[in-house]
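Taking it in order: structure first as structure tokens, then the write-up.
These numbers were taken from a predicted model, which means no experiment stands behind them. Start at 1 and go down the list; that is how both ligands and their atoms are numbered.
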Amino acid sequence: MSLLAISKIAWALGVVCWYVLRIPFQRKARRQKVKDASHRNLRDMTLLTISTCGLGIIPGIYAVTGWPAAASYPITGVQVVAGIAVFIGALWLFWSTHKAIGRDWSVTLEIKEQHKLVTDGVYRHVRHPMYSAFFLWAVAQLLLLPNLIAGLAGLVGFGILFFFRVGREEQMMREAFGPEYDAYMQRSKRIIPGIY
Ligand code: SAH
């Protein structure tokens with residue numbers, strides 16, 4: 001098997017693991033009643049669609065068909081090993097954030113009945129570690145798919161979701177938790193501990 005085939009399969013396996021990992025958490029979260037869904041709107045659904053294109057559809061088309069061929073470049077073993085390592089790290093972080101938020105998780109912006117603010121564990125130093133995990137997935141995609149368009153699509157697609165959403169999410173959390181969230185914002189960063 002070629003290095004390119006191994007790399008594409010590693011990417012696809014990572015994506016499948018990601019979705020499978022989420023299933024039990026999704027089931028649990030669905031049972032929890034929603035208290036405020038006012039931030040669940042067309043804008044947020046559009047952002048989710050853009051992100052899915054960048055992390056799934058565009059790289060998926062490339063992995064299967066090789067399109068767009070003009071944007072491809074040769075792959076190296078170092079890249080594949082680094083890509084797999086980053087994807088494993090992303091999966092671990094993703095699982096940890098789901099475990100921490102539990103029933104209060106939602107794919108769009110929602111506040112649940114008896115929503116508990118989590119500020120420790122993987123949430124101690126950054127307030128959006130699940131988004132950090134998605135960025136790590138996007139970096140793994142860039143490493144594993146040697147094609148400029150398919151490789152970068154994840155960073156661009158998820159980047160759009162993140163930057164258009166994060167301010168609104170923090171606003172929603174401040175409305176729901178008041179000074180508790182303000183204080184949490186003071187002592188934490190968004191996605192990179194100590195930096196941003
Ligand atoms: N931005 C977070 C969570 C993403 S899931 C992260 O990247 O880890 C999105 C939902 O999580 C939001 O609808 C919000 O209700 C909930 N949420 C966000 N931050 C939270 C926190 N610190 N504690 C509990 N729930 C949180």
Side-chain angles (χ1 to χ4, degrees), residues 14-15 17-52 54-56 86-141 154-196:
V15 176
C17 286
W18 196 278
Y19 281 99
V20 171
L21 245 163
R22 180 165 259 181
I23 293 168
F25 295 109
Q26 207 153 13
R27 285 221 183 107
K28 250 185 247 162
R30 215 174 280 146
R31 274 188 249 130
Q32 194 73 351
K33 282 216 184 78
V34 178
K35 185 172 155 197
D36 175 12
S38 62
H39 298 263
R40 180 194 182 116
N41 49 28
L42 182 65
R43 176 199 157 101
D44 206 56
M45 297 297 174
T46 308
L47 292 175
L48 280 165
T49 307
I50 292 171
S51 173
T52 306
L55 287 169
V86 173
F87 222 144
I88 290 172
L91 283 161
W92 172 81
L93 183 57
F94 181 63
W95 178 80
S96 309
T97 58
H98 261 302
K99 222 165 154 49
I101 291 199
R103 288 155 195 270
D104 293 334
W105 173 79
S106 54
V107 73
T108 59
L109 297 182
E110 294 174 354
I111 298 290
K112 302 289 187 78
E113 299 275 356
Q114 285 138 19
H115 200 121
K116 277 188 205 70
L117 179 65
V118 179
T119 62
D120 53 14
V122 283
Y123 280 85
R124 178 177 295 274
H125 301 290
V126 287
R127 42 190 192 274
H128 305 292
M130 189 177 287
Y131 298 157
S132 313
F134 273 93
F135 271 118
L136 287 175
W137 165 356
V139 169
Q141 176 177 328
L155 279 175
V156 174
F158 185 72
I160 291 172
L161 169 75
F162 175 77
F163 286 106
F164 281 96
R165 181 194 259 190
V166 71
R168 286 171 182 242
E169 178 166 339
E170 289 176 350
Q171 188 56 38
M172 176 188 81
M173 297 301 282
R174 291 178 68 190
E175 281 163 21
F177 296 99
E180 203 188 342
Y181 198 77
D182 288 335
Y184 178 43
M185 281 182 82
Q186 288 291 316
R187 61 176 193 270
S188 63
K189 298 283 182 186
R190 276 179 165 165
I191 49 172
I192 307 171
I195 295 173
Y196 171 74

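- Here the protein heavy atom with the shortest distance to atom 1 (N) of ligand 1 is Glu169 OE2, 2.6 Å.
- Between Val118 and ligand 1, a contact under 3.5 Å exists for at least one N or O pair.
- With sequence neighbours left out, the side chain to side chain contact (heavy atoms under 4.5 Å, CB included) criterion links Arg27 to Ile23.
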Derivation of the side-chain contact (heavy atoms from CB on, under 4.5 Å) call for Tyr131 and Glu169 | CA-CA 12 Å; Tyr131 298 157; Glu169 178 166 339; 2.4 Å; yes
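- Of the polar atoms of Met130, at least one N or O is found under 3.5 Å from an N or O of ligand 1, judged by distance alone.
- Taking the side chain as every heavy atom from C-beta outward, Val126 and Ser188 never approach each other to under 4.5 Å.
- With 3.5 Å as the limit, one finds a donor-acceptor pair spanning the side chains of Arg190 and Tyr196.
- Assignment of Thr108 to the shell around ligand 1 is supported, since a heavy atom sits closer than 4.0 Å.
- Of the polar atoms of Trp105, none of the N or O atoms is found under 3.5 Å from an N or O of ligand 1, judged by distance alone.
- Within the listing of ligand 1, atoms 13 (O) sit less than 4.0 angstrom from a heavy atom of Leu109.
- Between Glu110 and Lys35 no salt bridge is recorded (no basic side-chain N to carboxylate O distance below 4.0 Å).
- Across Arg190, Glu110, Met173, heavy-atom proximity to atom 13 (O) of ligand 1 is greatest for Glu110.
- Nearest to atom 9 (C) of ligand 1 among the protein's heavy atoms is Ser106 O, 3.5 Å.
- The closest approach between a heavy atom of His39 and any atom of ligand 1 is not below 4.0 Å.
- The pair Asp104-Lys116 does not count as a salt bridge, with every side-chain nitrogen at least 4.0 angstrom from each carboxylate oxygen.
- Of all protein heavy atoms, the one closest to atom 24 (C) of ligand 1 is Lys116 O, 3.2 Å.
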Please report the C-alpha distance between Trp105 and Phe25 in whole Å, then the side-chain angles of each, then the deciding distance to 0.1 Å, and finally whether the ring-ring contact (aromatic ring centres under 6.0 Å, His included) criterion is met.
-> CA-CA 8 Å; Trp105 173 79; Phe25 295 109; 8.5 Å; no
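- Remark: ligand 1 and Tyr131 share an N or O pair separated by less than 3.5 Å (distance only, no angle test).
- When Tyr123, Phe177, Tyr184 are ranked by how near their heavy atoms come to atom 8 (O) of ligand 1, first place goes to Tyr123.
- Residue contact annotation: His115 has a non-hydrogen atom under 4.0 Å from ligand 1.
- Heavy atoms from both the backbone and the side chain of His128 come within less than 4.0 Å of ligand 1.
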Between Phe162 and Ile191, does a side-chain contact (heavy atoms from CB on, under 4.5 Å) hold up when you go through it step by step?
-> CA-CA 10 Å; Phe162 175 77; Ile191 49 172; 3.7 Å; yes
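- Side-chain contact, Arg168 with His39: no donor N or O sits under 3.5 Å from an acceptor N or O.
- Residue Thr97 places every heavy atom at 4.0 Å or more from ligand 1.
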